[in-house]
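Structure first, then comments.
The basis for the numbers below is simple: all heavy atoms, side chains too, and nothing from hydrogens, waters or symmetry mates.
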Amino acid sequence: TPQTSIADNGQYTATVTWSGSPSSFGPNTVYTATVTVTANTNWTLSGVTANFFTINGVTPTSQNSVNAGVFQYAFAATAKSIITTSNVVVTAPVLGATPQITVADSGQYTATVTWSGSPSVFAANTIYTATVNIVPNSAYTLTGVAANFFTINGSVPTSQNLVNAGSFQYTFPVTAKNIISTRNVVVTAPVLGATPQASVTDNGQYTATIAWSDSPTTFAANTVYTATVTVTANTNWTLTGVAANFFTINGVAPTSPNSV
């Protein structure tokens, strides 16, 4: 709370007013005190020289005039407030989404977010680590912030902040896999004497194996063969989310379609 008066020193009392008229001093603010001296009954300001008074032993910023007792002193800026908002909200990586690169002003700080791999969009089946760097607002400071102070989305960071620092990291869960979208599988039709096709080459999303009814080494004459195709998704792809009756063989609906 600002001082508003100076006790009687036997010669005078004084009032003290402050720039901005604060009820309490705010952070990171320069305050100027104006001191007005009131002489006691048996004392007078008449005869007091210009620049006579000091404040705390220091020359006032604005000194008194001759025969007067009004002067000012601009004190050093008050301390900054220590950051107290610990949780930082970062949107988790989602397949195909654009990474968050900033954190909005919390009233105490903003932040930047960088991502491992520097993605323009998040890829499938990938673990990403976000590095958060806190930028304090003008009236706030990281000085005084404890080690391991910050959280991300309410969770402890993978790599926590040091004392008086605002850099930390969080490793998010792996992103989802791509859902297979290539539906047609090309299978060479049985021909008398030919060797059955046993696999489907990688199309970028999956490979497949082909098993034939009666397990022939070569195709026999006048025989109906049924091919059973089993799709195996590649690392970044998944069958989860593939609809029932999705796949075709040589552009035609299978005799027995795939389940969901």
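To the nearest 0.5 Å, the span separating OG on S62 from CZ on F71 amounts to 10.5 Å. With rounding to the nearest 0.5 Å, the separation of CD in Q100 from OG1 in T114 is 11.5 Å. Rounding to the nearest 0.5 angstrom, the gap separating the OG1 atom in T126 from the CG atom in N236 is 6.0 Å. A distance of 8.5 Å separates CG in N28 from OG in S81, rounded to the nearest 0.5 Å. Rounded to the nearest 0.5 Å, atoms CG (D214) and OG1 (T223) are 7.5 Å apart. Between atom CD1 of residue I249 and atom OG1 of residue T255 there is a gap of 7.5 Å, rounded to the nearest 0.5 Å.
No donor-acceptor pair closer than 3.5 Å links the side chain of N137 to the backbone N or O of A139.
With hydrogens and angles left out, the side-chain atoms of N133 and S167 include a donor and acceptor closer than 3.5 Å. Counted by atom type alone, T151 and N87 present one or more donor-acceptor pairs between their side chains at under 3.5 Å.
For the pair P2 and P22, the tightest heavy-atom approach, listed with the atom from each and the gap, is CG-O, 3.4 Å. Considering every non-hydrogen atom in both V88 and F150, the closest pair reads CG2-CD2, 4.4 Å. Across all their heavy atoms, P196 and T217 have their closest contact at CD-O, 3.1 Å. Nearest heavy atom pair, residue Y140 against residue K80, reads O-CD, 3.5 Å. Of all heavy-atom pairs spanning G166 and L142, the tightest one is N-CD1, 3.8 Å. The minimum heavy-atom distance linking D105 with Q108 is given by the pair OD1-N, 3.9 Å.
The side-chain heavy atoms of T209 and V229, taken from C-beta on, include no pair separated by under 4.5 Å. The closest side-chain heavy-atom distance from T112 to V132 is not below 4.5 Å. For the pair W237 and T182, the minimum side-chain heavy-atom distance is 4.5 Å or more. Side-chain contact check for T141 versus P136: every heavy-atom pair is 4.5 Å or farther apart. For the pair N164 and F149, the minimum side-chain heavy-atom distance is 4.5 Å or more. Side-chain contact check for I134 versus F168: some heavy-atom pair is nearer than 4.5 Å. A heavy-atom distance below 4.5 Å is not found between the side chains of Y73 and N56. Residues F219 and T195 are not in side-chain contact: their nearest non-hydrogen atoms beyond the backbone lie 4.5 Å or more apart.
With respect to N234, the side chain to side chain donor-acceptor pair (under 3.5 Å) criterion is satisfied by exactly one of N203, D202, T207: D202. Of the candidates F25, W18, Y31, F75 forms a ring pair (Phe, Tyr, Trp, His ring centres under 6.0 Å) with just one, namely W18.
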Candidate pair Q72 and T34, rule side chain to side chain donor-acceptor pair (under 3.5 Å), full reasoning = CA-CA 4 Å; Q72 295 180 319; T34 300; 2.8 Å; yes

Passes side chain to side chain donor-acceptor pair (under 3.5 Å), T158 versus Q169? Steps please.
-> CA-CA 6 Å; T158 313; Q169 295 180 320; over 6 Å; no

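Transitive grouping of hydrophobic side chains (ILVMFWY, heavy atoms separated by less than 4.5 Å) keeps V70 and V37 in distinct clusters. Note on I210 and V252: separate hydrophobic clusters, where clusters join Ile, Leu, Val, Met, Phe, Trp and Tyr whose side-chain heavy atoms are under 4.5 Å apart, directly or indirectly. In this structure, I179 is a member of the same hydrophobic cluster as Y206, with clusters built from ILVMFWY side-chain heavy atoms closer than 4.5 Å. Note on V90: it does not cluster hydrophobically with L95, by side-chain heavy-atom contacts below 4.5 Å among ILVMFWY residues.
Taking T32 as the reference, nothing meets the side-chain hydrogen bond (donor to acceptor under 3.5 Å, both in side chains) condition, with sequence neighbours excluded.
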